[in-house]
Colleague: 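Let me give you the structure first, and then I'll get to my questions.
Computed from a prediction, not measured in an experiment: that's the story for all the values here.
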Amino acid sequence: MELEQKLLAYFQEHEQEIFSDLEKLVACEADTADIEGLKKVREVLKTIIKERVGADAVELGGENGHSVVHFEQGAGEQFVALIGHYDTVHPAGSFRCRREGDRWYAPGVYDMKSGLVSAIWNAKAFKDLGIDPGKKLVFLFNGDEETGSGESKEPIREHVLGARAALICEPCINNGDLKSGRKGGLNFTVTIHGKAAHAGNAHQLGVNAIEEMAREIQFIHTLTDYDKGTTLNVGVCSGGSKVNIVPDTAVFQVDCRVKTFEEMDRVNDAILNYVCTVPGATREVVSRAPKPPFMETEDNMALVRLAQACGDKLDMHFGYQFVGGCSDGNFTSSYGVPTLDSMGTIGDGAHTPDEFIYVDQYIRRIALLGSVLCGI
């Protein structure tokens, strides 16, 4: 029996146990800001890892509550990293699990706790079936990907440098395609300072922070360039206190996505070096550490082709797309590690109450991950 069919038969045989683990993990809720909740998720993760693989997972970093859950399987200098995140965007109390036909609904199941279970069960399958993938497997599950992986980026970097490949267990596109590349991301918080004054009696003495904010927002949106794949969006803004007071403060937040490092530099310089046009207004900008573009390099595309070849052996045929959303693959690729994203499963509704995965495709996608691991 070929490797792929052997893996598929194993996962089909253990489907009930796989979904039992998945339900336990999904039912333990925590968004990125829920530090106590994330701690409980880590304990569930470590318990599943111990029960299924026999490994004692450890926590890396995490001074602010977003530790990376780490364990390894196998030995040797050559290794492949499997990366995923256990935080979600759903607050505690969102959990509702139901199955309708081939769809299995639950918050966080698609993005991306199903990918974590896929990785763990491949480690179990290799152990139970006596499969040697020919390299060490390094597992890294972080708790702050949804907000940019600020705390976990460094522990991940330390453990992926020198890897033969990094496999990101994020979900694939809802038609089954892989994500061959991702835009880079920048985020800015801009605070405008003006001067308060009575809007009726001393209007001329005030400096309107909201007026300056409005001008800046218009400028920032002109930086969008669809031909180059660059988009900017001011998604949150606020200012002022009462309608009869000239506002002395305004704040807005900017999301930016870019396909190239050149565009990242252009946008960054434009926002950081903008000069206020309302006389007397001042500004300060706080930028979150950017996620670099995840490019369709030769090494990355070689992994895409490998995944497609492995998929053919499982009667799964899919293409690939360059997408706008970021992942931890943006970092691993920028470190020079060949990176393959979207090694999770098929579903839809990420970040919504109707998030789901396809049951039958999930089992096949777990087998796909194992096939790719053995082929690298």
Side-chain angles (χ1 to χ4, degrees), residues 31-35 63-66 87 89 144-154 182-293 324-326 330-331 334:
D31 62 30
T32 316
D34 185 356
I35 302 303
E63 290 77 8
N64 296 313
H66 302 99
D87 61 323
V89 300
D144 58 351
E145 191 277 340
E146 293 291 2
T147 57
S149 303
E151 189 174 358
S152 60
K153 178 176 67 173
E154 187 58 26
R182 293 176 179 268
K183 292 183 180 181
L186 301 96
N187 285 271
F188 303 90
T189 299
V190 182
T191 302
I192 308 297
H193 300 286
K195 181 180 179 182
H198 192 289
N201 295 333
H203 187 276
Q204 71 278 13
L205 300 179
V207 177
N208 194 311
I210 292 178
E211 180 184 359
E212 173 61 31
M213 176 175 70
R215 295 184 184 185
E216 291 199 22
I217 290 173
Q218 288 183 311
F219 165 74
I220 284 170
H221 281 175
T222 68
L223 299 174
T224 290
D225 188 330
Y226 292 124
D227 291 337
K228 294 181 178 179
T230 300
T231 59
L232 288 96
N233 182 65
V234 176
V236 178
C237 63
S238 64
S241 57
K242 289 182 171 60
V243 70
N244 60 349
I245 301 174
V246 176
D248 62 354
T249 305
V251 181
F252 65 95
Q253 296 178 6
V254 188
D255 175 275
C256 174
R257 307 298 170 101
V258 297
K259 291 185 73 173
T260 67
F261 288 95
E262 290 78 11
E263 281 295 281
M264 179 172 280
D265 290 340
R266 178 181 73 89
V267 169
N268 194 60
D269 290 344
I271 293 179
L272 293 181
N273 297 322
Y274 181 86
V275 178
C276 294
T277 59
V278 171
T282 60
R283 68 196 297 269
E284 56 191 56
V285 183
V286 175
S287 58
R288 194 173 73 190
K291 280 194 172 180
C326 300
N330 291 67
F331 291 128
S334 73

Colleague: For A199 versus V243, what's the shortest heavy-atom pair and its separation?
Modeller: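 Reported closest heavy-atom pair: CB-O, 4.4 Å.
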Colleague: Judged by atom type as modelled, is there a donor-acceptor pair below 3.5 Å linking the side chain of K153 to the main-chain atoms of F331?
Modeller: no
Colleague: First locate atom CD1 of I220, then atom CG of N233, and finally report the distance between them rounded to the nearest 0.5 Å.
Modeller: 10.5 Å
Colleague: Working note: H198 + V246, criterion side-chain contact (heavy atoms from CB on, under 4.5 Å); need CA distance, chi angles, decisive distance, verdict.
Modeller: CA-CA 6 Å; H198 192 289; V246 176; over 6 Å; no
Colleague: Determine yes or no for a side-chain-to-main-chain donor-acceptor pair under 3.5 angstrom, with H221 supplying the side chain and V234 the backbone.
Modeller: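 Checked: pair present.
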Colleague: Could you walk me through whether L232 and V254 pass side-chain contact (heavy atoms from CB on, under 4.5 Å), step by step?
Modeller: CA-CA 7 Å; L232 288 96; V254 188; 4.2 Å; yes
Colleague: What closest approach, in Å, do A202 and A197 show between heavy atoms, and which atom pair accounts for it?
Modeller: O-CB, 3.4 Å
Colleague: Would you call F188 and V286 a side-chain contact if the rule is heavy atoms closer than 4.5 Å?
Modeller: no
Colleague: Compare all side-chain heavy atoms of T230 with those of V267 and state whether any distance is below 4.5 angstrom.
Modeller: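 Side-chain contact under 4.5 Å: yes.
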Colleague: When rounded to the nearest 0.5 angstrom, what is the spacing between NZ in K259 and NZ in K228?
Modeller: 12.5 Å
Colleague: Do the charged groups of E263 and R257 touch, with an N to O distance under 4.0 Å?
Modeller: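 Salt bridge absent between E263 and R257.
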Colleague: Can you list the residues that meet the side chain to side chain contact (heavy atoms under 4.5 Å, CB included) rule with N187, with sequence neighbours excluded?
Modeller: D255, R288
Colleague: Are E146 and D31 side-chain neighbours, meaning at least one heavy-atom pair lies under 4.5 Å?
Modeller: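 Side-chain contact under 4.5 Å: no.
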Colleague: Any chance you could measure R266, atom CZ, to I271, atom CD1, to the nearest 0.5 Å?
Modeller: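 It is 9.5 Å, given to the nearest 0.5 Å.
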Colleague: With a 4.5 Å limit on heavy-atom distance, are the side chains of R283 and C276 in contact?
Modeller: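 Yes. Closest side-chain heavy atoms under 4.5 Å.
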Colleague: Between V251 and V190, is any pair of side-chain heavy atoms under 4.5 Å apart?
Modeller: no
Colleague: Is any side-chain heavy atom of T189 closer than 4.5 Å to a side-chain heavy atom of V285?
Modeller: no
Colleague: Distance from T191 atom OG1 to Q253 atom CD, nearest 0.5 Å?
Modeller: 9.0 Å
Colleague: How close do P247 and N208 get, counting heavy atoms only, and between which atoms?
Modeller: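 Taking P247 first and N208 second, the nearest heavy atoms are CG-OD1, 3.2 Å.
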Colleague: To the closest 0.5 Å, what do you measure between CG (N64) and CD1 (I35)?
Modeller: 7.5 Å
Colleague: Taking all non-hydrogen atoms of both residues into account, name the closest pair between A270 and F219 and its distance.
Modeller: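 Answer, listing the atom of A270 first, then F219: O-CE2, 3.9 Å.
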Colleague: Okay, side chain of D248, backbone of H193: is any donor-acceptor separation there less than 3.5 Å?
Modeller: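 No; judged by distance alone, with no hydrogens or angles, the pair does not exist.
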Colleague: For the atom pair SG (C237) and CD (E216), what is the distance rounded to the nearest 0.5 Å?
Modeller: 12.0 Å
Colleague: Could you verify whether a donor N or O on one side chain and an acceptor N or O on the other, from T32 and D87, lie under 3.5 Å apart?
Modeller: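 Side-chain D/A pair, T32 to D87: present.
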Colleague: For a quick test of reading the model, state the closest non-hydrogen atom pair linking K291 to C326 and the distance between them.
Modeller: CD-CB, 3.6 Å
Colleague: Are side-chain heavy atoms of F252 and I217 found at a separation under 4.5 Å?
Modeller: yes
Colleague: From the options Q218, E211, E212, select the one residue that forms a side chain to side chain donor-acceptor pair (under 3.5 Å) with R215.
Modeller: E211
Colleague: As a test of understanding, state which of D265, T260, V258 forms a side chain to side chain contact (heavy atoms under 4.5 Å, CB included) with E262.
Modeller: T260
